[in-house]
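Note: hydrogens, waters and symmetry copies are ignored here, and every other heavy atom, side chains too, is used. Residue indices begin at 1 and follow the sequence shown. Predicted model, so just to flag it, every value in this text is computed and none were measured.
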Amino acid sequence: MDYISGMDLDWRTHELSGGTGEIGLKPAGDEWLLTNGAGAYAMGTASGVNTRRWHGLFVPCVNPPLGHVVAVHQMLEQIRFSGGEVAVCGMAHGNGGSEEDEASGVWGESNLLSFEKGLSVRWTYLFEGVAGKEGEIEFVRELCLHWRHQGATIRYSVRSLSGSLSGAVLRLAPMLTLREALGPKDKGGETGGLSVEPIKDGEVIRVCRGSVGVSICCEGGAFVGDSSRSGQKRGVSYHREADERDGVTEYWVVPGWFEVGLGDGAEASIALTVTLGDMSAITFEETQQARRCHLEPIVDYVREKIDREIADDSVARVLAMATDDFVVEIEGGNGLVKSIVEGYPATGVCSAEVCAVIPGLLLATGRFEEACGVLKRLAGSLQDGLMTESLDGGRGRGGCPLSVDASLWFVHAAIEYLGASGDRVNWDGWLAGSVMKVIEAILHGTEDGVSMAGDGLIVIDPAHADGCERSREARGEEGVGARYGKLVEINVLWYNALAGVAACVTETHRSASEHYTKLTKRVKRSFGRMFWDESIGYLRDRVWSDENGNERDDQSLRSNQIFAVSLPRSPLPNTKKRRVLKVIREGLLTPNGLRSQAEVNRSDHGSGGAMVVYPWLLGPYAESILRAGGFNSSAVSQARGVIRPLLEWLAGRGLGQLPEKFECGGMSEAVCRAADARLVAEAMRVCCMLNSQSH
């Protein structure tokens, strides 16, 4: 059946198949993701049924890398034969179709023969005895996004396995609202200012809502507006959303359909394109070739660097493609620049997350030039030596707050970049100066309330902590409340930054290097005295002074201290690293990630907050095993055991991506966003680290 569509089988990564009606792809099935390198995406389930409000066949990016708008939620497809009977080949309704659909007696999902994913996604259906005729009809839908263009192509192939398609007509009816991907659902079915204008004899329609518009073209077809009902309102039930406030049902507008005759032969092919605004479309073949040329060197590099014990060629390819989903090209001040999306769907661009994923997404995949570009853009966001918490929000004080943890992750990413690329030109030219600005800002103290205390440790003022917490709440992130004082993970990052930069600037900034080296010794001594608590056998989470000047501490067992073991430069001795790792394994490790805190809070002075399980922390946990174990064979074997389930999900039910979270009890069901940059980056980074240690 490969003649029917343009899928490149050499790049096919996933295939689910079975007999008609036996495929077992449930309505709330596993999610797939396509991206286009320019911020747009398409997402849905293998069954073809959209189960979340951000699912869609085309979700362009109106303000790259953010501003996602669901342009085409789903396409309702019908094959109409003489006699007026209808075969429904694909449905978006999770709670049943319309009366017309049910009367046809054909339910697309139950006739699904296979689902495949690679550079595109495609579904193959098989219908028997359609419209009172004997024989079978094979129907194929394939979707690809235009590489680095805000557009998509849906290709259809219809084939009669006995006889001709004479007199048959294909109807393609787009479901529309043009609302924000994460915006509130349209529960009333109102168009909300949605306008539809047919042009070019109905071969193209322009759909607009406010300032956002798309063009939909069906070559050889003619648009027929449903004027009798002013557009049908189709109710969709999102099985995987249980939003008590907003409900699970939304109404989409179907303003009409494109009608295309299938000719007199036994088979026919039709293409429908969707573009943002009036952008010109590129062909299916052009976009596939462009994506192949882009991916080939990345995949080849990863295959050389990845641990072969847990990732063969096929898994290496899937992992490399997964990292590429988060790297996007956007307009910068002097042309196109690279940016990183933290996940799909995206809620913002968190500076700390972008910095933390650079080693896994870019350095581990050999994309050094792009990493340099991202670091340069991040360096440009420094204000008074610190980075804004978000790269897409307001600037500095009064807008998006400055963030000490993002700034220290930036320093770490810069040091890792130099080590991986050996690029002394950019390091000596501007990058060393940027990271030293961060260090000097902390040494002298900032107006935002971040400073170094006399013992060498970083102390955070409550006002700075409150501003960062409010910013997180505005993004809808889960937190543990404002944390101020001396924080364990911030001071581990501080030591890591001082020691790393000192080693990297010995030739060019000798006096600064010597100063930082002396300071690391003070920080190391103070860190042990301040955070290590022999009575509990692990690190305090934070230490602060109350309103009366009394020192308080939080002895809660939290996952923040994992970085004291995982970072390459740590103030902890190996004996205590192993003790911390043991406590984390016994108190925080779950089958699907690390808990944010232990189930039983062991302190009366903890900062509270809900317990959350973070899969992405499995990366630092695996690295901690390697470092605490001295990278011996036992440590390598244990670390492989931590990462292997992630790769199995990626190559299996994850359909090429790793989610933000899993349901409790193991990696059985994904929840929250289906694609998370941190988890993919950590899986890639640890796989490469394992390979370097296994020889």
Side-chain angles (χ1 to χ4, degrees), residues 40-44 48-62 67-78 88 90-94 97-98 100-101 141 143 145 150-154 156 170-200 202-218 221-238 249-260 271-279 281 345:
Y41 75 86
M43 189 187 296
V49 176
N50 289 346
T51 58
R52 302 188 193 269
R53 71 185 185 279
W54 54 79
H55 284 173
L57 296 178
F58 179 47
V59 186
C61 199
V62 298
H68 291 108
V69 172
V70 182
V72 178
H73 172 76
Q74 184 60 285
M75 197 72 64
L76 302 183
E77 303 127 351
Q78 299 176 339
V88 179
M91 293 299 300
H93 302 286
S98 68
E100 181 183 33
D101 302 330
R141 177 202 311 114
L143 168 70
L145 296 186
Q150 298 291 332
T153 295
I154 310 172
Y156 294 95
L170 177 63
R171 283 186 172 183
L172 302 173
M175 299 179 66
L176 309 165
T177 66
L178 291 183
R179 61 148 171 78
E180 293 180 8
L182 290 172
K185 304 181 185 75
D186 185 349
K187 296 182 286 184
E190 299 299 328
T191 60
L194 196 73
S195 65
V196 180
E197 178 190 4
I199 59 176
K200 295 185 179 180
E203 193 172 275
V204 179
I205 61 171
R206 286 180 179 153
V207 185
C208 297
R209 187 175 191 179
S211 61
V212 180
V214 295
S215 298
I216 306 176
C217 173
C218 183
F223 184 74
V224 179
D226 194 350
S227 58
S228 62
R229 286 179 281 179
S230 300
Q232 298 180 24
K233 310 298 189 295
R234 295 295 184 102
V236 178
S237 179
Y238 299 120
T249 301
E250 179 171 25
Y251 286 87
W252 288 75
V253 178
V254 183
W257 60 86
F258 290 96
E259 195 164 280
V260 189
L272 182 144
T273 60
V274 190
T275 60
L276 184 64
D278 293 323
M279 291 183 181

- prompt: Mind checking what makes side-chain hydrogen bond (donor to acceptor under 3.5 Å, both in side chains) contact with T275, not counting sequence neighbours?
  reply: none
- request: Could you tell me which residues satisfy side-chain hydrogen bond (donor to acceptor under 3.5 Å, both in side chains) with H55, sequence neighbours excluded, listed by chain and number?
  value: E31
query: Looking at C218 and V260, what are the two nearest heavy atoms and their distance?
result: SG-CG2, 3.5 Å
Side-chain heavy atoms of P345 within contact of Y41, under 4.5 Å: yes
message: On a heavy-atom basis, which atom in P198 and which in I205 lie closest, and how many Å separate them?
response: CA-CG2, 3.9 Å
query: How many angstroms lie between CZ in R171 and CD in Q78, if you round to the nearest 0.5 Å?
result: 6.5 Å
- line: Across all chains, not counting sequence neighbours, the salt bridge (Lys or Arg N to Asp or Glu O under 4.0 Å) partners of E180 are none
query: Checking side-chain contact (heavy atoms from CB on, under 4.5 Å) against L172, which of F223, W257, Y156 comes through?
result: Y156
- prompt: Looking only at atom types and distance, does a side-chain atom of R53 sit under 3.5 Å from a main-chain N or O of P184, one as donor and one as acceptor?
  reply: no
- line: Here the pair of heavy atoms bringing W54 nearest to L182 is CE3-CD2, 3.4 Å
- request: Specify the closest pair of heavy atoms between I154 and R141, including all atoms of both residues, with the distance to one decimal.
  value: CG2-CG, 3.8 Å
- prompt: Got a second to check how far L176's CG is from C208's SG, nearest 0.5 Å?
  reply: 11.0 Å
- request: Indicate the atoms forming the closest heavy-atom contact of V212 with V69, along with that distance.
  value: CG1-CG1, 4.3 Å
- prompt: Which of these passes salt bridge (charged side-chain N to carboxylate O under 4.0 Å, His left out) with E250: K185, R179, R52?
  reply: R179
query: Would you say I216 and L272 make side-chain contact, with heavy atoms under 4.5 Å?
result: yes
- prompt: Is it true that a side-chain atom of Q74 and a backbone atom of V49 form a donor plus acceptor pair closer than 3.5 Å?
  reply: no
